[in-house]
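To start, the structure under review is shown below, and the notes come after it.
The chain is numbered in sequence order, starting from 1.
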Amino acid sequence: MGSTSEVGRRDLVKRAAALGILAVPAVGTLTSCATGGGGGSDDGLKNKGTTSAKNPLGVKNGAPLEAFIFKGGLGDQYAKDAEADYNRTYGVTVKHTGTQQIGPKLQPRFAGGNPPDLIDNSGADHLDMNKLSAQGQLQDLTALLDAPSLDDPKKKVRDTLYPSTVEKGKHKDAFDVFYYAFTVYGTWYSQKLLKEKGWAYPASFDDMIKLCAEIKKAGIAPWTYPGKYPYYVHFNLFAQIAKIGGLDKWIAIDNLEPGAWTSNDAVKQVVGHYEELAAKGYFLEGSQGLTHIQSQTAWTRGKAAFIPNGSWVENEAAPTTPADFDMAVGALFDGGSGDKMPHGTLRAEPSEPFIVAKGGKNPLGGMELLRILVSKKHAQNFATKVKSLTAVQGATDGMQLSPGLASAAKAVKEGGKNLLMIQLQEWYPKLTDEKLGGLTSQLLTGELKAADWIKKAQQYADEVAKDSSVTKFHRAS
């Protein structure tokens, strides 16, 4: 759900395409089985002003606007900078709140009918967008997509974005979630450490196991992870299953199909690999009790070589990262000759979900603030301030990028069309973050065997599939 400092994800970029080095391919049509929908027409929008070439959405001058921005790994200064431009244009001062408690603070306001206008709905305590969409509480943002961009009035906003941004933001027929960032997920490491030790980034699971033995002998833990939020491990684990077993079989998992976990040989191979890492003591001792910040700090201080994370980590871990750390991200590991996707396959997808409350006082203003955010000026500002990419095509062309961001861009370029988008964590966060997260926590401490992880994962998925209270989604192959 976006870059989070306790990422829900975002999960969480899900951004390297914003470098203009390649277009993210469509990965299947997404539809919701929920009744209702998140939008509809724009008729009856509050505080509607007069439309013009410079004000295509018809924002009313002087109308109050309120924004709630997740203040996690990406901070919230980039949003304040965009708000400053909004203030100058529309003669107001946006009421801004930066917080990591989006859900706890805003659930009562949605229930009370007085939500803020624009919300960056990220982090562990995010709002349930699926439920809000099904209830009709989210504004359909199609008008924003069809509005002219600030940089080129001849281009619609939708034409400046990568296709996966529009695809991922749809609930049924409404485009009501705008994923602003583009995150590269994977195994992060210090290029300086590997170079100094003469180690090469592993190409396969077998190579990783061999390297882990060398790393451990050198007195360094091969891996760490945030045990308080074990779903971070899923950023890699889920994508590895899709890489080895093929996207179609992963889509079956996204769609909660019967036997999708237990009948997939790639699941057995990938979960078995993590069982082996745990059995051989290749995780930093005490990782199960660490937060995301603590695990990242242990990593940047050289206590561990690898960490599963998203590209927001460069900004989030900046306070403890040595100047010569040379942060980098690697592609998914090969499982063997039977892999369905080639070496270089990468998980990279839209993230950082923004929503506009239909019941807000100024939803048009919320959409206009988003239009400002997707201008080249603010897309570049985002990349500069938080070392992360946006969904805006070519926004960072010609810019000098930080090590982690440059590495992410390189990985995306090498991945070509083999960029994976995982929906399970977005659609069913209680399943992935709580239920499967609990299983993963036990797996990595050696308390649970891979076979039992898989059996219970299927059980939990089947329970969600049969639960009529949970909004269901379907992803086409």
Side-chain angles (χ1 to χ4, degrees), residues 3 9-28 161-165 167-168 179 181-189 191 194 200-205 207-208 234-251 254 266 270 306-314 327-351 383 387-397 401-423 425 475:
S3 91
R9 302 89 181 9
R10 242 160 246 275
D11 215 294
L12 339 163
V13 212
K14 298 341 50 55
R15 316 177 181 168
L19 292 174
I21 49 186
L22 97 132
V24 177
V27 284
L161 308 173
Y162 282 88
S164 55
T165 302
E167 177 188 6
K168 189 163 183 131
Y179 289 89
F182 195 83
T183 295
V184 177
Y185 295 94
T187 299
W188 291 79
Y189 61 98
Q191 293 186 83
L194 265 61
Y201 179 80
S204 67
F205 278 156
D207 292 340
M208 172 56 78
H234 298 160
F235 298 157
N236 282 7
L237 190 152
F238 291 171
Q240 280 288 170
I241 292 171
K243 191 266 184 200
I244 294 171
L247 185 57
D248 284 351
K249 286 194 174 181
W250 177 262
I251 288 176
D254 272 346
V270 174
F306 301 113
I307 191 170
N309 223 306
S311 47
W312 64 84
V313 67
E314 186 174 24
M327 192 178 294
V329 61
L332 295 166
F333 306 117
D334 296 336
S337 59
D339 288 10
K340 300 301 182 184
M341 301 186 74
H343 183 72
T345 296
L346 186 73
R347 181 180 177 186
E349 58 187 90
S351 69
K387 303 179 180 69
S388 212
L389 304 173
T390 69
V392 183
Q393 297 187 56
T396 54
D397 286 353
L401 305 177
S402 58
L405 190 54
S407 172
K410 182 175 181 287
V412 169
K413 185 176 181 180
E414 292 175 349
K417 293 182 178 180
N418 299 300
L419 301 184
L420 294 168
M421 185 165 76
I422 302 296
Q423 291 289 55
Q425 285 177 284
R475 181 176 176 182

Donor-acceptor contact present, side-chain Ser311 to main-chain Val184, <3.5 Å: yes
Backbone N/O of Gly330 and side chain of Thr187: donor-acceptor pair under 3.5 Å: no
All ring-ring contact (aromatic ring centres under 6.0 Å, His included) counterparts of Tyr201, not counting sequence neighbours: Tyr189, Phe333
Considering only heavy atoms from C-beta outward, does the side chain of Met421 approach that of Pro350 to under 4.5 Å? yes
Mind jotting down which residue pairs meet the salt bridge (Lys or Arg N to Asp or Glu O under 4.0 Å) criterion with at least one end in residues 327-336? Sequence neighbours excluded, please. Lys243-Asp334
Donor-acceptor pair, distance only, cut-off 3.5 Å: does the side chain of Glu314 make one with the backbone of Gly404? yes
Heavy atoms only: give me the nearest Ala383-Thr396 pair and the separation to one decimal. CB-CG2, 3.6 Å
Minimum heavy-atom distance between Leu332 and Ala239, given as atom pair plus value: CD1-O, 3.6 Å
Could you pull out all residues at least two apart from Trp188 that satisfy ring-ring contact (aromatic ring centres under 6.0 Å, His included)? none
Say you draw a straight line from CD1 of Ile422 to CD1 of Ile251; how long is it, rounded to the nearest 0.5 Å? 9.0 Å
Between CG of Asp254 and CG of Leu247, what distance do you get to the nearest 0.5 Å? 8.5 Å
dist Lys340:NZ -> Ile244:CD1 (nearest 0.5 Å) comes out at 11.5 Å
Start with the C-alpha distance between Met341 and Leu420, add both sets of side-chain angles, then the distance that settles side chain to side chain contact (heavy atoms under 4.5 Å, CB included), and finish with yes or no. CA-CA 10 Å; Met341 301 186 74; Leu420 294 168; 3.6 Å; yes
May I ask you to test the Val329-Val313 pair for a side-chain heavy-atom distance under 4.5 Å? no
If you define the side chain from C-beta out and look only at heavy atoms, does anything of Phe306 sit under 4.5 Å from Asn236? no
One should read off an interatomic distance between Arg347 CZ and Gln240 CD, to the nearest 0.5 angstrom, of 11.5 Å
Once you round to the nearest 0.5 Å, how far does CG of Asp397 lie from CD of Gln393? 10.0 Å
